[in-house]
Structure formats: C-alpha cells, structure tokens
Amino acid sequence: MKNQLLTTVLALFTFVAFTQEKSEKKETPDGEIFTSTQSVSINGKTITLATETGTVQLRDENDKPIALFGFTHYKKTSSGKNRPIVFAFNGGPLSASFWLHFGVLGPKRIEINDPDYTKPAPYKVVNNQFSILDKADLVMIDPVGVGFSKPIGDAKWEDFWGVDQDIRSIGLFIEQFIIKTGKMNAPKYLLGESYGTFRNAGLVKHLQDKGIAMNGVIMVSAVFDLQHLLFGPGDDTAYLIHFPTYAATAWYHNKVKNKGESLEAFLNEVRTFTANEYAPALLKGDQISASERNAVAQKLADFSGLSQDFYLKADLRVTNGEYFQELLRDKGLTVGRLDSRFTGINEDLLSQSSLTDPQSDAISPPYISAFKDYLYNDLKVRKDLSYTTTASTRKGFKWDWNHSGNVIWNMQVATTTLPDMTSAMKRNPDLKILILNGYYDLATVFYGVEHSINHMGLDAELKKNIIMKYYEAGHMMYTHIPSMAKFKKDVDEFIDQTSN
C-alpha cells in the first residue's frame, strides 16, 4: 500500500514537473532564423551575402528571456571578422525597418515613380547599386511590436513601448548580437531614420555607457527635440523652425516671385529673415505694432507662397497641416508632409488642415507589397508568419514619452534625447555624427536640426564631428534617384573616414 502511494506521488510530481517545464518552454520559445544567399552588384562588382532573417531570443540583464527579436542580417561571405557593421532601423514610433531596407540599404530596392503615384502591381524590384553592403555588413532591426518581434515569458508589450524601454531593448539586442557574431572589436555604426534618429541620440550614449562605443552614427531625417514637431500653446519654436521648409516647398512649386540663383541661396535668405525678423516678431506677442505685423506678414507671404491676409488671420503662425492644405488649394491639391514635392487631390477644399499625406499614399502600397514578396520568397521566411509593418495597428498601442533627464519638479519639461548625444560626444571626442537632411521634408524639418545642433553647447573643434548633408528631396530622400546616389556617396565617405 505504501509503495503504491509512493508510486502515485512520484508519478504526480513527475507529471507536475513535466507540465511546468512544458509550460515554461511554451512561454519562452526560441527564435526562428531563415537562411538564404543573396547578392548585390555595386560599381561593377558582385558581392555574395550570407543572409539570416527571423528572430532570436532576447535576454534581459539577468539572462531571462523577454522577447523574440526580429532582424535581417546581411554578411559578406568572404570578409574578415572586423569588417564594419551597421545596425539600422526606421522610426515611427513604431515602424518596421522595411523602408530603409527596401529603399536604399539592402541588396534589392523598389522602383517608384518619384515624385508621383506608382502604378499598381506588378512592381519593379531591381538590384540596388546604391546599397552600403560593399562597405559594411548590415543588420536591419525590427523593434518589439513590429516585424516578427514580440514579447515572451513574463514580458509585456509596454515593457518595450517607450523612449527608455525602446533604447534598453535595442541596446540589449545589439550587445548580444555582436557577442554572438564575434563583432565586438569591429567598427560599429547606428543608422536611424526619423524617430530612429531620436532613438539613436539616446542609444549611442546607452551603449557607450556599457563599454560599446560607436565609430559613427548616421541620422536620416533627424529630430532630437520632439517639441519641435508640436505646435504647442504659447511655444513659437515650431512655427519658426518649420518656416524655411515652407519656403523651400513654395520655391519648388514656383509659388515665390524671386527664386534667386539657387535653392541654397534662397534658403540662406530665409534663414536670415527667420532669425532676425520673424523670431523677434513672434516674441513680442500682441505687443507687436500694426505696421511691423503687416510688414512681417508680407515677407512671410513672399517667402512661403501663402497670402499676407492668410498670415494675418493666422496671427503670423501657420501649422504644417494648414500649410499643406493652403499652398495649392487654388489648384485643388494638397502637398506632402513626408515630401512636399509630392501632391495629391485635396479631399475637402473647405478644410483648414490636410486630410492625407500624398507622399505616403503614393509609396506605401509598392513598398509594402514588394517587400513582403521579397521577404517570403527571396528570404525564405515561413509564409504563416505575419510581418507587422507598424505597431499602430496593434490593439492598445501607446508610447511612453517619458525619458530620464527630461523631468524637473516631477514634471516632464521636454521630450528630447539631445542631452544624451551631447554627453556621448563630450565623453568620446572621436565619435562622429552624420546627419542627412531633406529640404522638402515637412515631417522632421532641417532648420529644426540646425537649431538643435546649435544649442548643444559644443566647442568649435568638437562640433566639427557633426557633418551635415542636404538633399533636394524629402523625409525619405532615397526615393529621389539623384539624392539616393548622393546618399550612397555621403555614407560611403563617412564609413571610410571613421572605420580606420
């Protein structure tokens, strides 16, 4: 009887242990990687690439599994272990990396009808002669919430959805990846677009504090101070930093009377007016005289392509949404936010602000459809896995904008990672930053970047480590072939100069 009871207890214990072990394995699955061989031809030379796409198990600081983290890794097959490596991601938050992946960085790219609408499928996918893969290995990162990335075990979505949470998880992935692949001693780079630049500014310091210094950081369409994008009550900064891009847009659409010798010369004149006349006028508020108000409104009209009356009714303050809608209203068109060279049908001529972004409308279907075709067929990913392009489609998505260092008196006084980048540069004087700005980008405006850089408090010598490049295109300047070629040249030179 005792033996029978003991046997029953042991069997029950074994069953419970087995069930618990099975449950733990179910909650913390291993990642799944799909391999393939890709190639790219650049400057007449074909490069063969060992390619991995999928997820790896991400561990926290105590080696507890917290996520399946998605990526695509392109490695030149005949390279040494210290070949430079670039970690790249898009913005959002929270967007998957297919824009950069299939637009300019990877071995293939989608051809679109820039700056117009691209006809429906079949889309044209071509060899990407502008890829950086002749200079460096490449890791395209999809943060938790997009691509195939998702939390596992006890982790939840909100553990990854926030400024600091995002920096921490991507930092963990990069550290674990370079250890796994033997790249700890290789030249390393971060490349981010849009919110990815905001992330970069915090991530470079985060990694540096962990003993992982970057050779360089590449910022595509940058923003470091989020208040620059918000036309907040009582804050005139956003109106000022957007104005030069309004002017550039008017110049492109032939809505200014005097275009000058070049776009650059015209914008230098606009910068001078913005700093010396527009800013003081806004600072005065309702204390500005009627004559000065009228004079400033006329100059705003002359540079921006809007009317003096419109600026007077707007109290000299026009938001970007209002500008998109007003500039070409007489033609029944609205201009693009991501790239103001693009135009689309104005859906409501009486609306104060635009209802859509023509650039996004024009390029999203070809990018998404063609990339997913490449992902499941060329990169050999299982077709029953869903690739999420944006976390905004996930139920309950909400971003935590709090960031360490942005709080005073228990109140968030800013949303910025600029102090992080400033600290990283001052503690590592060899760190170089390359910033790529689109003149027609009304999502992250170039004058806002200039404002941020001019307020970092760097001495003249250290400030030389920040390299600014400008393109006659928009937020995704690589949709414009001449700008894509310039993108390639600028990034190649940067990697060459900082990897030796």
Check: [Y] main-chain N/O paired with [X] side-chain donor or acceptor under 3.5 Å:
X      : Y      : value
Thr118 : Ile112 : no
Tyr246 : Thr319 : yes
Ser149 : Gly70  : yes
Thr334 : Phe324 : yes
Arg394 : Gly145 : yes
Tyr376 : Leu385 : yes
Gln38  : Asp378 : yes
Arg329 : Leu349 : yes
Lys488 : Ser131 : yes
Ser360 : Asp357 : no

Scan side-chain atoms only and decide if [X] and [Y] contain a donor-acceptor pair under the 3.5 Å cut-off.
X      : Y      : answer
Lys331 : Asn346 : no
Thr498 : Tyr189 : yes
Glu193 : Tyr478 : yes
His403 : Asp420 : yes
Asp159 : Gln165 : no

Evaluate Lys380 against Thr35 for side chain to side chain contact (heavy atoms under 4.5 Å, CB included), listing each step before the verdict.
CA-CA 7 Å; Lys380 310 299 183 184; Thr35 61; over 6 Å; no
Suppose we screen for salt bridge (Lys or Arg N to Asp or Glu O under 4.0 Å). Which residues come up paired with [X], at least two apart in sequence or across chains?
X      : result
Asp348 : none
Lys486 : Asp490
Lys124 : Glu111

In terms of ring plane angle, is the pair [X] and [Y] parallel, tilted or perpendicular, where the classes change at 30° and 60°?
X      : Y      : answer
Phe371 : Tyr387 : tilted
Trp161 : Trp157 : parallel
Phe173 : Phe71  : tilted
His101 : Tyr374 : perpendicular

Flag if over 12 foreign heavy atoms under 6.0 Å of [atom1], [X]:
X      : atom1 : answer
Lys489 : NZ    : no
Glu32  : CD    : yes
Lys255 : NZ    : yes
Lys259 : NZ    : yes

Salt-bridge contact [X]-[Y] (side-chain N to carboxylate O under 4.0 Å):
X      : Y      : result
Asp302 : Lys257 : no
Asp373 : Lys108 : no
Arg199 : Asp166 : yes

State the [atom1]-[atom2] distance between [X] and [Y], to the nearest 0.5 angstrom.
X      : Y      : atom1 : atom2 : answer
Tyr74  : Ser39  : OH    : OG    : 11.0 Å
Asp116 : Arg341 : CG    : CZ    : 11.0 Å
Ser169 : Leu203 : OG    : CG    : 9.0 Å
Asn200 : His206 : CG    : NE2   : 13.0 Å
Thr55  : Phe34  : OG1   : CZ    : 7.5 Å
His451 : Thr237 : NE2   : OG1   : 5.5 Å

Go through the steps for Asp441 and Thr245 under the test side chain to side chain contact (heavy atoms under 4.5 Å, CB included), then give the verdict.
CA-CA 7 Å; Asp441 177 4; Thr245 309; 5.6 Å; no
Using the salt bridge (charged side-chain N to carboxylate O under 4.0 Å, His left out) rule, collect all pairs that involve residues 77-90, keeping only residues at least two apart or in two chains.
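For residues 77-90, and leaving out neighbouring residues, the salt bridge (charged side-chain N to carboxylate O under 4.0 Å, His left out) pairs sorted by first residue read Arg83-Asp137.
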Output, in order, the C-alpha distance, side-chain angles, deciding distance and verdict of side chain to side chain donor-acceptor pair (under 3.5 Å) for Asp225 and Ser452.
CA-CA 7 Å; Asp225 299 278; Ser452 293; 2.6 Å; yes
For residues 93-100, dump all side-chain donor-acceptor pairs below 3.5 Å to protein atoms at least two apart in sequence or in another chain.
unit_1 : atom_1 : unit_2 : atom_2 : d
Ser95  : OG     : Trp99  : NE1    : 3.4
Ser97  : OG     : Asp142 : OD1    : 2.9

What's the verdict on side chain to side chain contact (heavy atoms under 4.5 Å, CB included) for Val144 and Ile66, showing C-alpha distance, side-chain angles and the deciding distance?
CA-CA 10 Å; Val144 176; Ile66 56 173; over 6 Å; no
Who are the ring-ring contact (aromatic ring centres under 6.0 Å, His included) partners of Phe89, not counting sequence neighbours?
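ring-ring contact (aromatic ring centres under 6.0 Å, His included) check on Phe89 returns nothing, list empty.
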Ring-ring centroid check Tyr323 His242, cutoff 6.0 Å:
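Centroid separation for Tyr323 and His242: 6.0 Å or greater.
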Mind running side chain to side chain donor-acceptor pair (under 3.5 Å) on Thr356 and Asp361 for me, showing each step along the way?
CA-CA 8 Å; Thr356 188; Asp361 295 338; 2.6 Å; yes
